**Q** 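My structure is below; once you've seen it, I'll send some questions.
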Amino acid sequence: MRRRPAVYGLDIETDTTENGLDPRVAAVVTVALAGPGFEEVFTGREEALLADLDERIGQLEPGVIATWNGAAFDLPFLADRAALHELPIGLRLRHDRAITMRRAPLPGHRGAYRASWFEHGHLDAYRLYRGDVGPALIEVDRTRIHDLSNEALHAYAASDARLARILTERRWGTASRFIDRVGPDEADVPVAPRRGAHAIPA
């Protein structure tokens, strides 16, 4: 029997003292990564945060990066901020007009994306659940993230990453059929892998 791949939940929080929904002006201030037996929170100077996150993702056993609305927000936001710093990371995005959007796309983008990060596929748990639990979920007001203490911000990001992972695993039978895989030649936003990380073979 084929072994289920590891699922890694990922969530970002952005600087809402600017326009926290616009990657052209707002920095990423926190990223949480939740995997089997671990939860890690990345903070600090944005360029170092992104480099550390990318390096850590490259070290993980190949699996699935699970996000909540990451196809439209988290992943293109991270790609834009890495590009701003001219930082090559292992994230690859391919725009997919077939992904329906209930809100305007991220500034500077046409819509949502399929994604891979090094050897990891991607699954947006929001798209798996939005028909039944999406409208019922209550979240922190993302325009006021800057009002949270560092401890509260870290806990919030970690809980979102954990939730994306748990929800993906809970519906694995369905989720496993909808994992994104974006090859090196398919990416709209190609980014080079960092030294020492797992590269997807061509």
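What's counted below: heavy atoms across the whole structure, side chains too, no hydrogens, waters or symmetry copies. Since the model is a prediction, treat every value here as computed from it, not as a measurement.
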**Q** Please work out whether the ring planes of Tyr129 and Trp68 are parallel, tilted or perpendicular, with thresholds of 30° and 60°.
**A**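 Correct class here is tilted.
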**Q** What are the two closest heavy atoms between Ala66 and Val7, and how far apart are they?
**A**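 Heavy atoms only, the tightest pair is CB-CG1, 3.8 Å.
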**Q** Any idea how Tyr8 and His120 line up, ring-wise: parallel (<30°), tilted (30 to 60°), or perpendicular (>60°)?
**A** perpendicular
**Q** Using side-chain heavy atoms (C-beta onward) and a distance below 4.5 Å, is Pro36 in contact with Arg165?
**A**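 Result yes, sub-4.5 Å side-chain heavy-atom pair found.
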**Q** Given Ile12, which of Thr30, Asp74, Asp160, Val29 fulfils the side chain to side chain contact (heavy atoms under 4.5 Å, CB included) condition?
**A**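 Between Ile12 and the candidates, side chain to side chain contact (heavy atoms under 4.5 Å, CB included) is satisfied uniquely by Asp74.
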**Q** Find out whether Ile65 and Leu123 are in side-chain contact, i.e. whether some heavy atom of one side chain is under 4.5 Å from a heavy atom of the other.
**A**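 Answer no - side chains too far apart.
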**Q** On the six-membered ring of Phe178, is Arg171 placed so that its NZ or CZ lies under 6.0 angstrom from the centre and within 45° of the ring axis?
**A** no
**Q** With a 4.5 Å cut-off on side-chain heavy atoms, are Asp54 and Phe118 touching?
**A** yes
**Q** Going through the checks in order, is the side-chain contact (heavy atoms from CB on, under 4.5 Å) test met by Leu78 and Asp80?
**A** CA-CA 5 Å; Leu78 288 167; Asp80 282 5; over 6 Å; no
**Q** Calculate, to the nearest 0.5 Å, the distance between atoms CG and CG belonging to Leu50 and Leu91 respectively.
**A**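 Output value for this atom pair is 10.5 Å.
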**Q** Does Ile99 belong to the same Ile/Leu/Val/Met/Phe/Trp/Tyr cluster as Leu10, with side-chain heavy atoms less than 4.5 Å apart forming each link?
**A** no
**Q** Compare every heavy atom of Glu13 with every heavy atom of Asp11, then report the nearest pair and how far apart it is.
**A**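 Heavy-atom minimum between the residues: OD2-OE2, 2.6 Å.
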**Q** Would you check if Arg127 and Asn69 make a side-chain contact, meaning some heavy-atom pair closer than 4.5 Å?
**A** yes
**Q** Nearest 0.5 Å please: distance from the CZ atom of Arg181 over to the CZ atom of Arg94.
**A** 13.0 Å
**Q** Would Arg114 and Leu93 satisfy side-chain contact (heavy atoms from CB on, under 4.5 Å), going step by step from the backbone distance to the final call?
**A** CA-CA 6 Å; Arg114 303 292 177 187; Leu93 302 175; over 6 Å; no
**Q** Hey, what do you get for NE2 (His85) to CG (Leu49), rounding to the nearest 0.5 Å?
**A**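 Interatomic distance, His85 NE2 to Leu49 CG, rounded to 0.5 Å: 9.0 Å.
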**Q** Are Thr14 and Phe73 close enough, and set up right, to give a side-chain contact (heavy atoms from CB on, under 4.5 Å), and what steps lead you there?
**A** CA-CA 11 Å; Thr14 61; Phe73 183 75; 4.1 Å; yes
**Q** According to a 4.5 Å side-chain heavy-atom criterion applied to Ile, Leu, Val, Met, Phe, Trp and Tyr, with indirect links allowed, do Trp172 and Leu128 form part of one hydrophobic cluster?
**A**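 Yes.
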**Q** Quick check: closest heavy atoms across Ala27 and Glu46, and the distance to 0.1 Å?
**A**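 Between these two residues, the closest heavy atoms are CA-OE2, 3.3 Å.
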**Q** Contact between Trp117 and Asp180 at the side-chain level, heavy atoms closer than 4.5 Å - yes or no?
**A**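 When only atoms from C-beta onward are counted, Asp180 and Trp117 do not touch, as no gap falls below 4.5 Å.
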**Q** Is Arg92 paired with Glu186 through a side-chain N to carboxylate O contact shorter than 4.0 Å?
**A**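 No, this pair does not count.
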**Q** I'd like to know if the side chain of Arg56 and the backbone of Ala51 have a donor-acceptor N/O pair within less than 3.5 Å.
**A** no
**Q** Regarding Thr67 and His122, is there a side-chain donor-to-acceptor distance under 3.5 Å anywhere?
**A** yes
**Q** Any idea which heavy atoms bring Ala82 and Ile89 closest together, and the distance?
**A**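 Where Ala82 meets Ile89 most closely, the heavy atoms are CB-CD1, 3.7 Å.
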**Q** Walk me through whether Tyr113 and Asp96 qualify under side-chain contact (heavy atoms from CB on, under 4.5 Å).
**A** CA-CA 5 Å; Tyr113 294 84; Asp96 186 346; over 6 Å; no
**Q** Nearest 0.5 Å, please: how far is CZ in Arg45 from CG in Asp52?
**A**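 Here the interatomic distance stands at 9.5 Å.
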**Q** For Pro5 versus Val64, what's the shortest heavy-atom pair and its separation?
**A**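 For Pro5 and Val64, the tightest heavy-atom pair comes out as CG-CG2, 4.2 Å.
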**Q** Where is the tightest heavy-atom contact between Val182 and Ala115, given as atom of each residue plus distance?
**A** CG2-N, 3.5 Å
**Q** Within the 4.5 Å heavy-atom criterion, are Arg24 and Pro107 side-chain neighbours or not?
**A**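 Heavy-atom side-chain distance check passes, below 4.5 Å.
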**Q** Is there side-chain contact between Phe42 and Val28, with at least one heavy-atom pair below 4.5 Å?
**A** no
**Q** Say you draw a straight line from CG of Leu53 to CG of Leu87; how long is it, rounded to the nearest 0.5 Å?
**A** 10.0 Å
